[in-house]
Amino acid sequence: MAEITWELLERQVEACTLCGLCRGITHKVPGQGDRQSPLMLIGEGPGAEEDRQGLAFVGPAGQLLTRMLAAIELPRERVYICNTVKCRPPGNRVPEPAERAACLMHLRMQTALLRPKVILLLGSTAAKTVLGEDTYITRVRGQWRQRKDTFILATYHPSALLRDPSKKREAWSDLQLLRDKLIELGCYPDIYGAAR
Ligand code: SF4
């Protein structure tokens, strides 16, 4: 079996036709960011701007995500960001379960390559896919799960916060949980300090 590498992942995503979402897209959006990061962020799927640029979270929701990370002093370039599906669903609809299932092999490979200490799930689609539960973000947000050595937290997708700013208070509480866990695990000592 070929060794798993980031280059192999990118080639695999680029060539993938496992579900119908690849029809009519401009670019695949595999994900990007710091490949040494202890923190992995997983969203739903690319939107129009992401499809145009081939980059995850570069539209209005991505700009809000950058501000959310800055609020806990995390520069966005220090995290790894990707989506549950790597092709834009038509009209930004929610990816179907079969599409999420088809794309899971890429997400699993990314997780195996990154080996994050902490995963932040953004929204219901990422929560359903990664937690393997048919659930809603309102039920699972703000609660830590642990899989082997990885801690997993779910919160609202930034696009949900753009639609309903009243959710920002809960999202801020989730972000504080995230920051506290990163400190507890000794991640980003140059940002948070070893003994803070
Ligand atoms: S969404 Fe994922 S599984 Fe479907 S074609 Fe694109 S890369 Fe392949």
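Everything numeric here is computed off the predicted structure, so don't read it as measured data. Each ligand, and each atom within it, is numbered from 1 in the order the structure gives.
- Regarding atom 6 (Fe) of ligand 1, its nearest protein heavy-atom neighbour is C87 SG, 2.3 Å.
- For atom 8 (Fe) of ligand 1, the nearest non-hydrogen atom of the protein is C16 SG, 2.2 Å.
- Formation of a donor-acceptor pair under 3.5 Å by the Q110 side chain with backbone atoms of P30 is found in this model.
- Residue contacts with ligand 1 for E99 are absent, since no atom lies close enough (heavy atoms, distance under 4.0 Å).
- A donor-acceptor pair under 3.5 Å is formed between the side chain of T84 and the backbone N or O of G43.
- Remark: side-chain polar atoms of Q143 are paired, donor with acceptor, to backbone N or O of R139 under 3.5 angstrom.
- Atom 5 (S) of ligand 1 has its closest protein heavy atom at C19 O, 3.5 Å.
- Partner L41 forms a side-chain contact (heavy atoms from CB on, under 4.5 Å) with one of I119, L121, L69 and no other, that one being L69.
- Those atoms of ligand 1 that come under 4.0 Å of a heavy atom in A102, given as number and element, are 3 (S).
- At least one N, O or S atom of C103 sits under 2.8 Å from atom 2 (Fe) of ligand 1.
- V85 and C103 make their closest contact through CA-SG, 3.7 Å (heavy atoms, listed as atom of the first residue, atom of the second, distance).
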